[in-house]
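This report concerns only the one structure given below.
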Amino acid sequence: MQEEIGKKQKTAEVLDACRVLREQNERFFAETGRRKSAYLLTFGCQQNEADSELLAGLCEEMGYEITRDPNEADLILANTCAIREHAEKKALSIIGGFKHCKEQNPDLLIGVTGCMAAEEHRREELKKKYPYVDMVFSPASRHRLPLLILEKQARGKRVFCPEERDLSMPEGLPVLRESSYRAWVSIMYGCNNFCSYCIVPYVRGRERSRMPEAIASEVEELVKQGYKDITLLGQNVNSYGKDLPEAIDFADLLARLDRIDGDYRLRFMTSHPKDAGKKLIDVMAASMHVAHQFHLPLQSGSDKVLREMNRRYDREKYLATVAYLKEKIPDVTLSTDIIVGFPGETDEDFDDTLSILSEVGFDQIYSFLYSPRKGTPAAVRADQVPKEVKAARFDRLLALQNEIGLANNQKLVGKELRVLCDGVSKGNPDLLSGRTDGGKIIFFSGDPSLTGQYVTVTPMRADAYALYET
Ligand code: SAH
Ligand code: SF4
Ligand code: F3S
């Protein structure tokens, strides 16, 4: 109850700040005939995409137009990721380029948020080496953007938003979505799992579930607006509800959302294998709207490595979950994440990963070279795997998965599939692209006006990554 009042106060405070800034921006428009604009750049996962849609909604509420060109922006926001070193380097290099924009327009405001902005050493680096960055704020503070702009104006000093003590996330703030038919809905924030390689629990804080009523009314509203594909987001959706006063788990939430009438699909990510249970799979199998797609990050096929990763499941448990999934939902599309070269990974450990890949027959894998993250236990281990060994294993993994993915996709050739059309293909303007109910990419011919609609396509050809109508 106390928390609900706190959330409402937060929402009111943020909307008030938006109003003050909107009035300022309206005056600016009246004086200059030009509307101020905001440029947003997003790195990282779907959670960040969802956060950026909220930031864009706040920008609009503050009276900014959204621009695709940083050179004409009055406000630049970089929503960063810290999952691997490469992601951070990329973000820092692009943020470095914004110095030039600031030189062109000294009134430009630059904000850095996202997971990198929650790491103490990166905040120091931004403070010292990027003096043109005006505001730095963590993902748990992303809704505070309007308040931070006002603070910057009032104090004239750069704002490094401190770690929030109250991590509850306010409801009812405006969201500006990229798509008019696919939507992200965060159902929870943070992670409690502390996998030994992972930075996320340190930068996103502990798990906080949204109230089921808030999620249900957001999904209902989306369906009413014609959204066809809704992905529920959380670092470990299976933990949903553990922190709520009412007894509800993720399977209950999914069953409740599934009762919303309409022509749409529900998806979710990510499910942690340690607690992806039969109840969830039973709800999926019995549902009207839940897509037959399951992303179940494995990370490694070696029990020793899984133990050292602090994943809290073993090969046997993982395979049992997959077997139950396949039994209940025979046409399920299965995908996973694999980390190659975790400290101490031997050739035998890696062979265990290859063998489980063959055993499961994933439709798709997302594989990553292990990247040491400052502050995590695995990063300080002495037995880091040499770069060349990681790279060679990575190549073997991809070669095997290409064979498996191709064989799986070929099984769909000649079958009628329901596809949500994403419009003209980026790679080939003569074709449309879309996603099957199982989430596979498919290319086909048709009119671009089909964008956002369901169509039936029969693929005649497949490769390891996609299906093709001709
Ligand atoms: N919460 C999700 C994962 C989020 S991060 C889950 O538990 O499945 C997405 C993926 O990035 C992880 O599944 C993992 O495969 C990869 N990853 C995380 N930390 C990494 C690191 N330090 N180096 C390489 N890959 C990493
Ligand atoms: Fe990272 Fe593990 Fe949490 Fe996923 S479950 S975000 S891999 S700590
Ligand atoms: Fe990156 Fe943060 Fe997502 S580290 S992967 S943006 S949770």
Locate the shortest heavy-atom distance separating Leu58 from Arg142; write the atom from each residue and the value. CD1-O, 4.2 Å
In this structure, OH of Tyr189 is separated from CG of Leu233 (nearest 0.5 Å) by 9.5 Å
Between Ser209 and Asp243, does the side chain to side chain donor-acceptor pair (under 3.5 Å) criterion hold? Intermediate values first, please. CA-CA 7 Å; Ser209 303; Asp243 56 326; 2.5 Å; yes
Checking Asp422 side chain against Ser433 main chain: does a donor-acceptor pair fall under 3.5 Å? no
Could you give me the CA-CA distance, side-chain angles and deciding distance for Ser300 and Thr353, then say whether side-chain contact (heavy atoms from CB on, under 4.5 Å) is met? CA-CA 5 Å; Ser300 169; Thr353 300; 3.6 Å; yes
Might you work through the side-chain contact (heavy atoms from CB on, under 4.5 Å) test for Ile230 and Leu257, ending with a clear yes or no? CA-CA 11 Å; Ile230 297 165; Leu257 298 177; over 6 Å; no
Checking side-chain polar atoms at under 3.5 Å, does Asn409 have a donor or acceptor matched by the opposite partner on Tyr465? no
No-hydrogen, no-angle side-chain donor-acceptor test under 3.5 Å, Lys242 and Asn192: no
Around atom CD of Glu316, are there more than 12 heavy atoms from other residues, nucleotides or ligands closer than 6.0 Å? no
Does the pair Arg461 and Gln410 meet the rule for a side-chain contact (heavy atoms from CB on, under 4.5 Å), with working shown? CA-CA 7 Å; Arg461 188 166 68 81; Gln410 273 170 342; over 6 Å; no
Polar side-chain atom of Ser141 near backbone of Arg144 as donor-acceptor pair, under 3.5 Å: no
Within the side chain of Asp314, is there an N or O that forms a donor-acceptor pair under 3.5 Å with the backbone of Lys317? yes
Once rounded to the nearest 0.5 Å, what's the spacing between atom CZ of Phe394 and atom NZ of Lys387? 14.5 Å
If you look at every heavy atom in Cys191 and Glu207, which pair is closest and at what distance? CA-CG, 3.7 Å
What is the minimum heavy-atom distance between His143 and Ala140, and which atoms define it? CE1-O, 3.1 Å
Could you tell me whether Glu327 and Lys278 make a salt bridge, using a distance below 4.0 angstrom between a side-chain N and a carboxylate O? no
Looking at Asn193 and Cys195, would you say the former's side chain and the latter's main chain have a donor-acceptor pair under 3.5 Å? no
Any ion pair linking Asp229 and Arg267 (charged N to carboxylate O, less than 4.0 Å)? yes
Can you confirm whether Asp261 is buried at CG, in the sense that more than 12 heavy atoms of other residues, nucleotides or ligands lie under 6.0 Å from that atom? no
Take atom CD in Glu221; do more than 12 heavy atoms of anything else shown fall under 6.0 Å from it? yes
Lys/Arg-Asp/Glu bridge criterion (N-O < 4.0 Å) met for Asp51, Arg204: yes
Any donor-acceptor pair under 3.5 Å linking the side chain of Thr113 with the backbone of Phe137? yes
Please tell me whether His272 and Asn238 have a donor and an acceptor in their side chains that are separated by less than 3.5 angstrom. no
Find the distance between CD1 (Ile338) and CZ (Phe350) and round it off to the nearest 0.5 Å. 9.0 Å
May I ask you to check whether Tyr202 and Phe194 place their ring centers less than 6.0 Å from one another? yes
Under a 3.5 Å cutoff, is there a donor and acceptor pairing between the side chains of Thr270 and His295? no
Kindly say whether Leu298 contributes a backbone atom to a donor-acceptor pair with the side chain of Tyr313 at under 3.5 angstrom? yes
Do you see a donor-acceptor pair shorter than 3.5 Å between the side chains of Asp349 and Thr346? yes
Under a 3.5 Å cutoff, is there a donor and acceptor pairing between the side chains of Glu469 and Ser445? yes
Between Glu13 and Lys10, is there a salt bridge with N-O shorter than 4.0 Å? no
Asp347 with Arg393: basic N within carboxylate O range, under 4.0 Å: yes
Which atom names give the shortest non-hydrogen contact between Phe444 and Gly434, and what distance separates them? CE2-N, 3.8 Å
Of the non-hydrogen atoms in Leu296 and Tyr318, which two are nearest, and what is the gap between them? O-OH, 2.6 Å
Hey, does the side chain of Glu178 reach the backbone of Glu53 with a donor-acceptor pair shorter than 3.5 angstrom? no
Assess the residue pair Phe43 and Met116 against the criterion (side-chain contact (heavy atoms from CB on, under 4.5 Å)); give the C-alpha distance rounded to whole Å, side-chain angles, the decisive distance to 0.1 Å, and a yes or no. CA-CA 10 Å; Phe43 303 88; Met116 197 178 79; over 6 Å; no
Between Arg210 and Glu218 (salt bridge meaning N to carboxylate O under 4.0 Å), is one present in this structure? yes
Looking at Arg418 and Asp263, does any basic side-chain N land under 4.0 Å from a carboxylate oxygen? yes
Would you check if Cys115 and Pro139 make a side-chain contact, meaning some heavy-atom pair closer than 4.5 Å? yes
Of all heavy-atom pairs between Cys421 and Leu432, which one has the smallest distance, and what is that distance? SG-CD1, 4.0 Å
Any carboxylate oxygen within less than 4.0 angstrom of a Lys/Arg side-chain nitrogen, looking at Glu359 and Lys326? no
Short N-O contact, Arg312 and Asp275, less than 4.0 angstrom: no
Over 60° means perpendicular and under 30° means parallel, so tell me whether Tyr264 and His289 are parallel, tilted or perpendicular. parallel
Under 3.5 Å, is there a donor on one side chain and an acceptor on the other for Tyr240 and Asp252? no
Should Tyr468 and Pro459 count as side-chain neighbours, where that means a heavy-atom distance under 4.5 Å? no
Rounded to the nearest 0.5 Å, how far apart are CZ of Arg435 and CD1 of Ile442? 11.5 Å
Hey, what do you get for OG (Ser287) to CG (Asp282), rounding to the nearest 0.5 Å? 11.0 Å
Side-chain donor/acceptor of Ser371 to backbone N/O of Glu85, under 3.5 Å: yes
Could you check whether Asp351 pairs with Arg396 (Lys NZ or Arg NE/NH1/NH2 to Asp/Glu carboxylate O, under 4.0 Å)? yes
Under the 6.0 Å and 45° cation-pi test, does Lys390 pair with Tyr370? no
Carboxylate-amine/guanidinium contact Glu88 Arg122, below 4.0 Å: yes
Give a yes or no answer on whether the side chain of Asp363 reaches the backbone of Ser335 with a donor-acceptor pair at less than 3.5 Å. no
In this structure, OG1 of Thr376 is separated from CG of Asn310 (nearest 0.5 Å) by 12.0 Å
Within the distance-only criterion (no hydrogens, no angle test), does the side chain of Asp303 pair as donor or acceptor with the backbone N or O of Arg315 below 3.5 angstrom? yes
Hey, do the aromatic rings of Phe294 and Phe268 have their centres closer than 6.0 Å? yes
Answer yes or no: are there more than 12 heavy-atom neighbours, outside Lys374 itself, under 6.0 Å from its atom NZ? no
